[in-house]
Colleague: 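I have a structure here, written as structure tokens, and I will follow up with some questions on it.
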Amino acid sequence: MAGPERRRLLEELAPELLSELSQPRDRSRDLPALEGVEGGVVMRFAPNPSGPLHLGHARAAILNDYYVRRYGGRYVLRIEDTDPRRVDPAAYEMVREDIEWLGLGITDVVYQSDRLEIYYDWCQKLIELGGAYVCVCDAEWFRSLKLEKQACPCRDQTVDENLELWQRMLDGEFYEGHATVRVRTDLTHPDPAMRDYSAMRIVNTPAHPRALDATVFPLMNFSVAIDDHLLGITHVIRGKDHIANTGRQRYIFNYFRWKPPIYYHYGRMGISGVVLSTSSMREGIRSGVYTGWDDLHLGTLRAIARRGIQPEAVREAVVDIGMGETDITFSWENLYAQNKEIIDPKANRYFFVPDPIEVVVEGAPVHEARALLHPGDLARGVRTLITDGRVLLPEADIEGRGMVRLKDLYNVRITWDGGIPHLSYAGEALEDARRERAPIIQWLPANAKIPCTLHTQDGDVEGFCEPLVAGEVGSVVQFERVGFARIDAVTDDGRVDAFFAHR
RNA sequence: GCUGCUAUAGUGUAGGGGCCAAUCAUGUCGGCCUUUCACGCCGACGACUGGGGUUCAAAUCCCCAUAGCAGCACCA
């Protein structure tokens with residue numbers, strides 16, 4: 001008896017005991033409070049449009065979203081497309097779709113490629129303040145100097161000299177790699193990562209898809225600091241790979257005497273079993289290892305969506321993980337559990353017979369089976385399956401058996417002649433099946449079935465399913481005794497493509 | 001190598017000096033329910049990295065060690 005039904009029954013029989021029935025608890029856990037949230041927050045999600053969003057992005061996106069919802073305020077989507085080399089024009093649209101799927105409460109959208117002039121202006125101001133200089137040293141050479149805590153010659157240039165060099169950068173007089181604007185930090189800083197990092201660089205090729213003529217682009221630490229201030233960002237939640245960047249960005253805030261946002265850095269999240277690096281995914285798609293960005297072996301949001309994972313489940317899983325600074329491995333198990341909780345009450349039940357064997361049940365009367373679409377929701381009705389005894393069975397489930405019960409139908413006796421099964425009608429009594437501990441298995445009428453491919457991460461499983469499944473495209477169903485799957489499509493020749501989610 | 005962050009059950013989390021022989025979820029196992037090996041219900045299993053120190057008292061504070069991770073890009 002399923003939960004809701006049981007509750008209803010108890011209500012009729014013994015309402016006074018109702019309170020003793022354990023209550024479904026509020027699953028959502030509160031994340032720790034943020035500092036300085038008076039008057040709301042302004043937060044941001046800042047992806048790089050190099051590909052679609054994946055689980056790693058989802059963590060940042062949802063954590064920030066969580067706090068904007070909790071405290072109220074604005075949620076800025078900032079497209080960080082300041083590296084022409086890492087921009088995939090198609091990714092702008094993919095990122096938009098993925099954000100919509102996640103259901104983020106975005107209030108503002110800005111593209112950094114629209115803001116190059118803003119960065120140029122502030123760069124000039126930083127140079128004027130003496131906070132930056134134009135460096136024309138070879139990168140490798142500078143690096144070795146930096147590790148020795150030594151200044152390069154460019155560091156001694158006057159403000160006017162720097163301004164002139166900066167103008168020449170903007171005028172295209174330098175080629176890529178020949179000049180960069182560095183923020184003057186502290187060459188003796190114990191952390192080499194802090195020492196005079198780059199703020200602006202030249203990229204001649206490829207052209208930026210949204211800023212065709214630009215050749216001077218800000219580096220992340222510069223544009224991020226400027227934008228975080230200009231956009232009024234109050235809190236930043238991001239991975240600990242940005243800890244050093246936070247330190248670097250503070251120099252810019254200090255030069256301009258701006259109040260920096262409050263930063264939080266969560267730990268690294270490993271995700272087992274899937275490739276997360278955009279470049280490896282892209283390469284895999286190019287070489288045919290993956291069918292596309294939504295290949296079910298990938299950890300992209302569109303891949304898990306295709307398998308029937310609900311955005312709410314991702315949200316629950318991410319909030320449950322929180323923003324601890326510990327390194328963690330993402331648990332598919334936990335995500336699946338969240339997803340099952342959402343999906344189980346919704347998913348209609350159907351029979352899917354994998355690796356089928358067609359048999360005749362001797363002596364079987366014509367019979368009409370009425371199977372519930374959902375055992376916990378009688379109102380949803382039944383699927384009707386009519387058979388004259390010619391049925392499809394999952395071969396693996398009858399192997400070695402003396403009796404099985406076809407679910408919602410009748411019992412079948414099996415005798416084995418060598419490796420050949422002979423099936424005969426063995427009555428309708430459920431008790432008989434119980435007594436013989438016969439498994440109750442799914443089946444299909446041999447003359448009412450449609451081919452179905454269940455795509456799993458371990459390979460495709462061929463079989464047949466109920467014709468009604470063709471009407472579930474886009475929905476998640478439960479193939480009884482197999483697991484939950486999203487019905488992806490029905491091909492022109494009537495084949496069902498289903499993507500396995502989890503048991 | 002330099003710099004920094006972290007360390008609670010298989011996984012994810014709570015707990016930040018006594019209320020902790022440590023929370024919750026998930027998982028696994030057992031039972032109940034059930035014409036699905038689903039859902040639901042009951043129960044069990046399972047952890048404070050190690051060593052010092054502070055304290056009447058340490059998972060909690062300090063130190064060291066170990067391990068993991070991150071950064072040291074003219075990527076984000």
Side-chain angles (χ1 to χ4, degrees), chain A residues 1-7 21-22 24-25 27 29-30 32 46-50 80-83 85-86 112 135 137-139 142-143 146-147 149 176-182 189-195 197-203 216-217 219-221 223-224 238-245 247-248 265 267-270 272 278 316-317 320-322 324-338 340-341 343-345 347 349 351 369 371-372 374-376 397 405-411 428 430-431 433-434 439-442 478-484 503:
Chain A
M1 198 182 307
E5 195 188 342
R6 169 190 299 228
R7 165 171 288 274
L21 211 55
S22 62
R25 260 170 318 87
R27 276 280 301 108
R29 187 172 64 77
D30 278 343
N48 165 257
S50 57
E80 302 206 333
D81 54 349
T82 53
D83 182 359
R85 264 187 264 282
R86 302 229 329 186
Q112 290 193 314
C135 175
C137 296
D138 174 73
F142 180 86
R143 180 172 177 277
K146 175 185 70 179
L147 290 176
K149 303 185 178 180
E176 195 167 314
H178 291 186
T180 183
V181 177
R182 292 188 183 282
H189 195 291
D191 185 351
M194 288 306 139
R195 301 172 196 159
Y197 63 89
S198 277
M200 286 281 181
R201 57 38 165 108
I202 297 166
V203 182
V216 177
F217 292 90
L219 273 311
M220 176 244 206
N221 282 303
S223 48
V224 163
R238 54 181 176 181
K240 75 172 182 184
D241 45 323
H242 287 295
I243 287 180
N245 292 323
R248 293 196 268 222
H265 300 98
R268 186 196 141 82
M269 182 169 82
S272 63
T278 302
E316 291 287 332
D320 191 48
I321 286 168
E325 295 170 65
T326 323
D327 302 327
I328 58 160
T329 49
F330 178 84
S331 165
W332 290 100
E333 250 174 18
N334 290 354
L335 175 64
Y336 293 160
Q338 296 287 169
K340 190 185 279 183
E341 201 172 297
I343 252 171
D344 182 78
R349 269 56 172 173
F351 290 153
L372 291 169
H374 197 292
D397 282 310
R405 179 177 178 82
L406 309 191
K407 186 167 182 286
D408 301 303
L409 193 66
Y410 45 58
N411 303 329
E428 287 187 41
L430 180 60
E431 294 67 34
R434 287 262 157 82
I440 298 168
I441 64 172
Q442 76 278 30
Q478 189 203 46
F479 286 140
E480 299 198 47
R481 304 205 321 129
V482 174
F484 293 91
R503 290 195 57 89

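Proteins get letters first, then strands, A, B, ... in listed order; numbering begins at 1 in each.
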Colleague: Taking pairing as Watson-Crick or G-U wobble with both contacts under 3.5 Å, can you name the mate of B/C5, or confirm there isn't one?
Modeller: B/G68

Colleague: B/A38, OP1 or OP2 - any side-chain N/O from A/K340 closer than 4.0 Å?
Modeller: no

Colleague: Has the side chain of A/Q338 got a donor or acceptor atom sitting under 3.5 Å from an opposite partner on the base of B/U26?
Modeller: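 Flag unset: no donor-acceptor pair detected.
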
Colleague: On RNA chain B, compare the nucleotides closest to A/R405 and A/G324; which residue's is nearer the 5' end?
Modeller: A/G324

Colleague: Would you mind pulling out the nucleotide paired to B/A14, Watson-Crick or G-U wobble, both distances under 3.5 Å?
Modeller: none

Colleague: Generate the contact string for nucleotides 69-76 of chain B. Rules: B means base contact, S means sugar-phosphate contact only, - means no protein heavy atom under 4.0 Å.
Modeller: BSBBSBBB

Colleague: Rounded to the nearest angstrom, tell me the gap between atom CG in A/D30 and atom C1' in B/G15.
Modeller: 15 Å

Colleague: Give me the distance, rounded to whole Å, that separates B/U60 from B/G16 when you measure between the P atoms they each carry.
Modeller: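 It comes out at 12 Å once rounded to the nearest Å.
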
Colleague: Measure CD1/A/I440 against C1'/B/A38 and give the value in whole Å, please.
Modeller: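 To the nearest whole Å, that distance equals 13 Å.
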
Colleague: What's the gap between B/A58 and B/A21 when it is taken at their C1' atoms, as a whole Å value?
Modeller: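 Per the computed distance, 15 Å lies between those C1' atoms.
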
Colleague: Rounding to the closest angstrom, what is the interatomic distance between B/C45 and B/C72 at atom C1'?
Modeller: 45 Å

Colleague: In whole Å, I'd like the distance from the CD atom of A/E325 to the C1' atom of B/G16.
Modeller: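 From A/E325 CD to B/G16 C1': 13 Å.
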
Colleague: Among B/U11, B/U26, B/U36, find the nucleotide with the atom closest to the side chain of A/A337.
Modeller: B/U26

Colleague: Using purine N1 to pyrimidine N3 plus N6-O4 or O6-N4 for Watson-Crick, or N1-O2 and O6-N3 for G-U wobble, each under 3.5 Å, what pairs with B/U28?
Modeller: B/A44

Colleague: Provide, to the nearest angstrom, the distance between the OH atom belonging to A/Y336 and the P atom belonging to B/G12.
Modeller: 16 Å

Colleague: Between B/U28 and B/G46, how far apart are the two C1' atoms, rounded to whole Å?
Modeller: 9 Å

Colleague: Which nucleotide wins on minimum distance to the side chain of A/I328, given the candidates B/A38, B/G12, B/U35?
Modeller: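 From the listed options, B/G12 comes nearest.
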
Colleague: Mind checking who B/A59 pairs with, Watson-Crick or G-U wobble, both distances under 3.5 Å?
Modeller: none

Colleague: May I have the distance from A/D320 (atom CG) to B/A14 (atom P), rounded to whole angstrom?
Modeller: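 It is 9 Å, rounded to the nearest whole Å.
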
Colleague: Can you say whether the rings of A/Y336 and A/W332 are parallel (under 30°), tilted (30 to 60°) or perpendicular (over 60°)?
Modeller: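 Taking A/W332 first and then A/Y336, their aromatic rings sit tilted (interplane angle of 30° to 60°).
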
Colleague: How many whole angstroms separate atom CD of A/E428 from atom C1' of B/U35?
Modeller: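 So the CD-C1' distance, A/E428 to B/U35, works out to 12 Å.
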
Colleague: So, do A/P375 and A/R349 sit near enough that their side-chain heavy atoms are less than 4.5 Å apart?
Modeller: yes

Colleague: So A/M220 and A/H242, do their side chains get closer than 4.5 Å, heavy atoms only?
Modeller: yes

Colleague: Given the structure, check if the side chain of A/E333 and the base of B/G10 hold any donor-acceptor pair shorter than 3.5 Å.
Modeller: yes

Colleague: Measure from the side-chain N and O atoms of A/S198 to the backbone N and O of A/R182, and report whether any donor-acceptor pair falls under 3.5 Å.
Modeller: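 Answer holds: no.
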
Colleague: By the 4.0 Å heavy-atom rule, please label A/L430 as base, sugar-phosphate, or nothing.
Modeller: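 Touches a base.
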
Colleague: Output the rounded distance in Å from CG (A/L335) to C1' (B/A25).
Modeller: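 Distance check: A/L335 CG to B/A25 C1' gives 14 Å.
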
Colleague: Could you tell me whether A/D397 contacts a base, only the sugar-phosphate backbone, or nothing, with contacts defined as non-hydrogen atoms closer than 4.0 Å?
Modeller: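 Touches a base.
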
Colleague: When you measure from the side chain of A/R405 to the backbone of A/R434, do you find a donor-acceptor pair of N or O atoms at a distance under 3.5 Å?
Modeller: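 Judged by distance alone, no pair lies under 3.5 Å.
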
Colleague: Given the P atoms of B/U23 and B/A47, what is the spacing between them in whole Å?
Modeller: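 12 Å, rounded to whole Å.
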
Colleague: For A/S331 and B/G27, is the shortest distance between a side-chain N/O and OP1 or OP2 below 4.0 Å?
Modeller: no

Colleague: Heavy atoms, side chains only, cut-off 4.5 Å: are A/L219 and A/R201 in contact?
Modeller: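 The answer is yes, as the side chains (C-beta and beyond) meet within the 4.5 Å cut-off.
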
Colleague: For nucleotides B/G17 and B/C62, find the distance between their P atoms and express it as a whole number of Å.
Modeller: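 My reading of the P atoms in B/G17 and B/C62 gives 11 Å.
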
Colleague: Can you tell me the base-pairing partner of B/C19? Count Watson-Crick or G-U wobble geometry only, both distances below 3.5 Å, and say none if there is no partner.
Modeller: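 Answer to the pairing question: none, since B/C19 forms no Watson-Crick or G-U pair.
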
Colleague: When the C1' atoms of B/A14 and B/C2 are considered, how many whole Å apart are they?
Modeller: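 My reading of the C1' atoms in B/A14 and B/C2 gives 36 Å.
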
Colleague: Based on the glycosidic angle (syn within 90° of 0, else anti), state the conformation of B/G16.
Modeller: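 Syn conformation for B/G16.
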
Colleague: I'd like to know if A/R85 and A/E176 make a salt bridge, using a cut-off of under 4.0 Å between side-chain N and carboxylate O.
Modeller: yes

Colleague: Please give the nucleotide sitting opposite B/A73 as a Watson-Crick or G-U wobble pair, both distances under 3.5 Å, or none.
Modeller: none

Colleague: Just how far, in rounded Å, is P of B/A38 from CZ of A/F351?
Modeller: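 To the nearest whole Å, that distance equals 15 Å.
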
Colleague: Given the P atoms of B/C24 and B/G43, what is the spacing between them in whole Å?
Modeller: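 Pairwise P distance, B/C24 against B/G43, rounds to 11 Å.
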
Colleague: Under 3.5 Å, is there a donor-acceptor pair between the side chain of A/R195 and the main chain of A/H189?
Modeller: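 It does hold such a pair.
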
Colleague: For the side chain of A/H374 and the backbone of A/D344, is there at least one donor-acceptor N/O pair under 3.5 Å apart?
Modeller: yes

Colleague: Between the side chain of A/N245 and the main-chain N/O of A/N221, is any donor-acceptor distance below 3.5 Å?
Modeller: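 No, because the side chain of A/N245 does not come within donor-acceptor range (under 3.5 Å) of the backbone of A/N221.
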
